Structure formats: C-alpha cells, structure tokens
Amino acid sequence: MRPSAGVEDVSAARPVALLLPGQGSQHLRMAAGLMTAEPVFAGAMDEALTTLTDLGGPGTGLREDWLGTSDPAVMDHITRSQPLLFAVDYALGRLVLSWGVRPVALLGHSIGEVAAAVLSGVFTLRDAAAMVHDRVARLADAPPGGMVAVAATCDEVAPFLTDGVVVGAVNAVRQTVLAGLDGPLGSVTAALAGAGFVLQRVPASTAFHSPVLAPAMSGAGERIAALPVGEPGIPVMSGYTARFLTAAEAKDPAFWARQPVAPVLFWPALDALLAQGHLVLVEAGPGQGLSQLARRHPAVRSGGSAIVSLLPARPGTAEDDVAAVRAAAEPLRQLAPPPATRAV
C-alpha cells in the first residue's frame, strides 16, 4: 500500500528524531482538529494553554483566538504565533512519546527549540512558558519588521544586504531567510526581485533573528537565570550552534536570551544531525515546512533517511488533522522499542 501524504516508507528500522517548527508554520486553528480525537494531545495542549494564560498579558485570550479567530493577521502576530507554536509543538511531541517512540534527538526551529527543551527535560513546561511569555511581552512592541525567504545562498544575497537587513535563518543550501525592519527589508527584497531571485514573505510582523530586537531583549537573561534548569534527557541538536546542546549551554541564561536575535542555522544543524546516521525525521508541528526542507538533504534523497509529517501540508478540516496523525502513528508505533519485561 502506498504511504499516505506526509508519511514515507519507514519499514526499515531506524532511530527517530523530532523536528519542531517555528515562526512561519502557524495557521488558523493549527492542529485544533486533534482536540476531540487525541486525548494525549488535548491534555498536553490544555496544560500548555492554561499555563500560558495564567501568566496574563500576551496569554490572555490565547485559547479563544486559536480556536475562534478567522483573521490570519491575528495568528501571525507575535503574541499569538509564538506561544501557540510552542504549545502545539510541545503537545505533538508528547503525543509521539505516548506511542512508545523514544527519539534519539530533537531539532527545533526558532521557538521550536524551546519546545524541544521542555520535551528533553531542560525546562519544566511552566518555566519554559514563563520564558516564552517574557520573550513575547518584550518583543510585542518592537518596530514593524518581517522576514523574507530567498531562493539563494548566503553568498548570493550578501551584496544586497544593507540598512540592518541580515540573514535571519539558513534553512537550506539555497533557502536563505532575511530579516529586518519593514522599510529596509522592502528595499532589499525589491532589489533581489529585480535581479531575478525568487522570494516569499514569511508570515511574521516582527524581524525575528535580527539585531534590531537586541534592545528589547536586554535584561531577559536575568529573568531566565531565575529558572531552574536540568540537563537534556534527550539530545537537543541546537538550531543556533549546529551541534548538540551541552549542559553548560542549557544552563546559560544568555544562550536562551539571545535566540530571538541570533540567526537560525537549521540546515547546518540538520546536516550535523544526519551525519550521526540514518534517521526517521518526524515533523511534530503544523504544516510540513521542515519536512520539505529536509527532503532536499542528500541523506533523505538517497532513501537512507525518511520523513514523517504529523499534520497536513496545508490548513484543512479537523478530519484532515486526525487522518494525518493516525496515518503517521501506525508506522511510528512499529518503531517503538518493545516493552521491558520483568523477571519473574
């Protein structure tokens, strides 16, 4: 039987790694169809939303907007996109773990790395939610900006960068994301378009992963320093260093505080992860953006590594969400280690 959309053949036993997406993957009612069909997801999502809402401020009305708004601009705003992506990534990760799957690594993109830190045991859900809440509150009033994906290498876009526009993410060999304030970013992207480059706006109204956010994040490290931190129980391949998160980095408040300002090195991190050996890469988040990027990697193109996406590539119905998750669950459960047997 041919695998369902988003589910490749994973019959060959390989370790599993989770990919947790970030800004740009959000959409209206993302993963909401699972609330009545998947109790583990629903419980984890309720826990995350309650924790975020109890903090007040940006968390107020979060659940209502997730389930009820019909305005994409609301979902793309930092006060909704960031906490909801964190919550959905976390809840989907919990769902995969409930199937008995034991990931050998976690790789998060942007806010997805914070969800990875919770799943790994670096932070408790409550403490990570407090960090996300503080981050969102600081950045909510940042100057209007955005991000644009360019089908080009970093070297190709470098001559066009000016007026504070920077490389905000390296998503693939030929997908570079630029970040900056609206005016300068518009001028740079117009010049790139005029030169024949293909561009796509990332759904964001904030210049994530850009130095223009540094003033807003000043002092965030002191708040993070008050949070208790554990060592990663599941290895976290950091999208900011392209290597496995060390215990020292996990305990360094500055490491987490600079994430909204620092560029995301997703492709180098993915390359480092797949250099460890062939894997089944499971995208545990809305859409299939990271899956599409990973399919460009030679380890995946050769068939050595495979991709499984938990949710549909595009927004759809509740039934679409449920069908996608259940199609993914069947082969992934077969990769779970057998239950330990106790001596009689």
Side-chain angles (χ1 to χ4, degrees), residues 19-27 72 75-78 81-82 85-86 89 107-114 135 139 142-214 217 237-242 258-273 283 285-297 313:
L19 305 180
L20 303 152
Q23 186 73 35
S25 61
Q26 75 279 354
H27 60 77
M75 192 58 60
D76 293 343
H77 194 268
I78 185 173
S81 61
Q82 293 281 290
L85 283 167
F86 164 73
D89 285 1
L107 170 55
H109 193 294
S110 189
I111 193 69
E113 187 155 314
V114 182
R135 181 182 295 186
L139 299 180
M147 307 179 78
V148 174
V150 188
T153 66
C154 292
D155 288 343
E156 287 172 331
V157 302
F160 294 86
L161 302 184
T162 184
D163 294 332
V165 176
V166 299
V167 172
V170 181
N171 282 343
V173 174
R174 291 192 58 79
Q175 189 183 101
T176 303
V177 178
L178 305 183
L181 299 180
D182 278 346
L185 184 62
S187 299
V188 169
T189 54
L192 284 163
F197 289 98
V198 177
L199 305 98
Q200 182 175 3
R201 185 87 181 191
V202 176
S205 54
T206 303
F208 290 108
H209 310 298
S210 162
V212 302
L213 300 184
M217 292 303 296
M237 176 60 72
S238 176
Y240 293 92
T241 63
R258 67 173 176 264
Q259 287 190 352
V261 179
V264 176
L265 307 176
F266 176 76
W267 186 260
L270 179 67
D271 198 42
L273 180 60
E283 184 165 7
Q288 297 181 9
L290 297 187
S291 298
Q292 292 170 3
L293 293 172
R295 285 192 179 96
R296 304 181 189 183
H297 195 279

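Source: prediction; values computed, not measured.
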Leu265 and side-chain contact (heavy atoms from CB on, under 4.5 Å): which partner among Leu270, Thr241, Val170?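 Checked Leu270, Thr241, Val170 against Leu265; only one passes side-chain contact (heavy atoms from CB on, under 4.5 Å): Val170.
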Applying the side-chain contact (heavy atoms from CB on, under 4.5 Å) test to Val148, which of Val177, Val202, Leu192, Leu185 qualifies?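 Looking at Val177, Val202, Leu192, Leu185, the match for Val148 under the side-chain contact (heavy atoms from CB on, under 4.5 Å) is Leu185.
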Distance-only, no hydrogens or angles: does the Thr176 side chain make a donor-acceptor pair with backbone N or O of Ala152 under 3.5 Å?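 Between the backbone of Ala152 and the side chain of Thr176 there is a qualifying donor-acceptor contact (under 3.5 Å).
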Quick one: does Gln26's side chain have a donor or acceptor within less than 3.5 Å of a partner on Gly24's backbone? yes
Looking at every non-hydrogen atom in both residues, tell me the closest pair between [X] and [Y] and how far apart they are.
X      : Y      : answer
Gly112 : Asp89  : CA-OD2, 3.6 Å
Ser25  : Gly22  : OG-O, 2.7 Å
Val165 : Leu161 : O-CB, 3.6 Å
Ala242 : Ala272 : O-CB, 3.5 Å
Arg296 : Trp267 : C-CH2, 3.7 Å
Ala207 : Leu213 : O-CD1, 3.3 Å

Does some side-chain heavy atom of Pro143 sit less than 4.5 Å from a side-chain heavy atom of Val212? no
As an exercise, state the distance from [atom1] of [X] to [atom2] of [Y], rounded to the nearest 0.5 Å.
X      : Y      : atom1 : atom2 : answer
Ser81  : Ile111 : OG    : CD1   : 8.5 Å
Leu139 : Ser205 : CG    : OG    : 11.0 Å
His27  : Met75  : NE2   : CE    : 9.0 Å
Leu273 : Ser238 : CG    : OG    : 12.0 Å
Leu19  : His109 : CG    : NE2   : 10.5 Å
Thr206 : Ile78  : OG1   : CD1   : 4.5 Å

Give the C-alpha distance, both sets of side-chain angles, the deciding distance and a yes or no for side chain to side chain contact (heavy atoms under 4.5 Å, CB included) between Leu20 and Leu107. CA-CA 6 Å; Leu20 303 152; Leu107 170 55; over 6 Å; no
Might you work through the side chain to side chain contact (heavy atoms under 4.5 Å, CB included) test for Arg258 and Tyr240, ending with a clear yes or no? CA-CA 10 Å; Arg258 67 173 176 264; Tyr240 293 92; over 6 Å; no
Closer than 4.0 angstrom, basic N to acidic O: yes or no for Asp182 and Arg201?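 Result for this pair is yes, salt bridge flagged.
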Applying side-chain hydrogen bond (donor to acceptor under 3.5 Å, both in side chains) between Ser110 and each of Gln23, Gln259, His209, report the one that passes. His209
Please determine, by modelled atom types, if Glu283 and Ser291 share a side-chain donor-acceptor pair under 3.5 angstrom.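 Distance-only check passes for Glu283 and Ser291.
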By ring pair (Phe, Tyr, Trp, His ring centres under 6.0 Å), which residues pair with Phe208, not counting sequence neighbours?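 Phe208 satisfies ring pair (Phe, Tyr, Trp, His ring centres under 6.0 Å) with no residue once adjacent residues are dropped.
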